[in-house]
Amino acid sequence: MEGKEEDVRLGANKFPERQPIGTAAQSQDEGKDYAEPPPAPLYEPSELTSWSFYRAGIAEFVATFLFLYISVLTVMGVVKENTKCSTVGIQGIAWAFGGMIFALVYCTAGISGGHINPAVTFGLFLGRKLSLTRAIFYMVMQCLGAICGAGVVKGFMGKTRYGTLGGGANSVNHGYTKGDGLGAEIIGTFVLVYTVFSATDAKRNARDSHVPILAPLPIGFAVFLVHLATIPITGTGINPARSLGAAIIFNKDKGWDDHWIFWVGPFVGAALAALYHVVVIRAIPFKSK
C-alpha cells in the first residue's frame with residue numbers, strides 16, 4: 001500500500017491539477033522535452049538541387065489530382081439525379097472530401113507534409129514552417145494536379161453532361177450574398193488550417209506519441225464538418241486549387257463570377273489561423289530568447 005501511495009503522490013506532483021497560464025506557462029518550456037523547430041528560411045537555394053524537393057512537389061500533384069478526381073466525381077453523381085434520396089447526398093459529398101483528405105494526408109505527410117491545398121501551404125508558410133520557394137512550388141503543383149483531376153472527371157462524364165451538371169465548380173448559391181460566401185470561406189478555412197497547426201504541433205507530437213499517427217484524422221474530420229456547414233452556401237471551397245481546377249475545366253461564367261471569393265476567403269482564413277496559432281496558442285513572440 002505504501003508503494004501505491006507513493007505512486008499516487010508522484011503522479012499528483014508530475015501532473016498538477018492547476019496549470020499556470022499566460023506568461024507563467026511559457027516558463028515551463030525551460031525544461032521542455034521537445035525541440036522547437038527553427039523557422040524555415042525565406043529562400044533556401046539548396047532545395048532546388050535536392051531530389052526530395054521535387055519528389056515532394058510530385059506528391060502534392062498526385063494527391064491533389066486524386067482528391068479532385070474522387071470529390072468532383074462524387075459531386076457529379078449527386079447532382080445528376082433528380083432526387084438526393086437515391087444518392088449519397090450532401091453527407092456523402094462531405095465524407096468524400098473529408099475521407100480523401102484523411103487518406104491522402106496519411107499517405108503524403110512523410111513526403112511533402114500532405115498539404116493538398118494552397119491555403120494550407122500559405123498558412124504554414126506564414127507560420128515559418130516552409131520556405132517561400134517550396135510554398136510557391138507546392139501551390140503550382142497543387143493547381144496543376146487539380147486541373148488534371150477535374151479534366152479526367154470531364155472525360156468520364158462527357159463534355160455535354162459535365163457542363164450541364166455544373167462541373168463541380170464553386171459559386172455563391174442563390175439566397176446568399178457575396179459577403180456571406182466570403183465569410184463562410186474565411187471561417188471554414190480558419191477551422192481547417194487551425195486544425196492542421198494543432199495536429200502537427202511539435203510540442204504535442206513530443207509529449208503525446210499518438211498525435212503524429214492520428215494527425216490525418218482530425219484534419220480530414222475538419223474538412224468533413226466544414227463541408228456539411230458550407231455546401232449550402234458556396235458548395236465549399238476552402239481550397240483554391242480545388243476551385244481553380246473545377247472552374248478551368250467547367251469554363252463557364254458560373255464558375256468564374258465568384259471565383260475571387262475562393263482565393264481571398266481561404267487565404268484570409270489561413271492567415272488568421274496562422275496568426276492565432278503562433279501568437280495566441282503558442283505565444284512564440286512572447287517567449288524568452
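Starting from 1, each residue takes its place in the sequence as its number.
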Do I111 and L124 share a hydrophobic cluster, counting only Ile, Leu, Val, Met, Phe, Trp and Tyr and linking them when any side-chain heavy atoms are less than 4.5 Å apart?
no

Partners passing ring-ring contact (aromatic ring centres under 6.0 Å, His included) against Y176 (at least two apart in sequence or in another chain):
none

Is the F137-Y54 ring centre distance short of 6.0 angstrom?
yes

Restricting to non-hydrogen atoms, name the atom on A63 and the atom on T108 that form the minimum distance, rounded to 0.1 Å.
CB-CG2, 4.1 Å

Closest contact, heavy atoms only, F61 versus C148
CZ-SG, 3.9 Å

Please collect all salt bridge (Lys or Arg N to Asp or Glu O under 4.0 Å) contacts where either partner lies in residues 171-181, sequence neighbours excluded, each pair once.
K178-D258

Would you call the rings of F190 and Y276 parallel, tilted or perpendicular, where under 30° means parallel and over 60° means perpendicular?
tilted

Could you pull out all residues at least two apart from S50 that satisfy side chain to side chain donor-acceptor pair (under 3.5 Å)?
S52

Stepwise side chain to side chain donor-acceptor pair (under 3.5 Å) check, H115 with T121:
CA-CA 6 Å; H115 298 188; T121 300; 2.9 Å; yes

Minimal heavy-atom distance between V153 and Y69, with the atoms involved, is CG2-O, 3.6 Å

How close do T195 and V191 get, counting heavy atoms only, and between which atoms?
OG1-O, 2.7 Å

Quick one: pull up OG1 in T189 and CD1 in I238 and give me the separation to the nearest 0.5 Å.
5.5 Å

Can you list every pair that meets salt bridge (Lys or Arg N to Asp or Glu O under 4.0 Å) and has a residue in residues 129-145, with sequence neighbours left out?
E47-R134

So which heavy atom on A215 is nearest to which on A199, and how close?
CB-O, 3.7 Å

Under 3.5 Å, is there a donor-acceptor pair between the side chain of N173 and the main chain of I231?
yes

Check step by step if ring-ring contact (aromatic ring centres under 6.0 Å, His included) holds for F221 and F224.
CA-CA 5 Å; F221 201 61; F224 165 70; 5.7 Å; yes

According to the salt bridge (Lys or Arg N to Asp or Glu O under 4.0 Å) rule, which pairs have a member within residues 139-160, sequence neighbours left out?
none

For V88 and T74 the tightest heavy-atom approach is CG2-CG2, 4.1 Å

Can you list the residues that meet the side chain to side chain donor-acceptor pair (under 3.5 Å) rule with S243, with sequence neighbours excluded?
N170

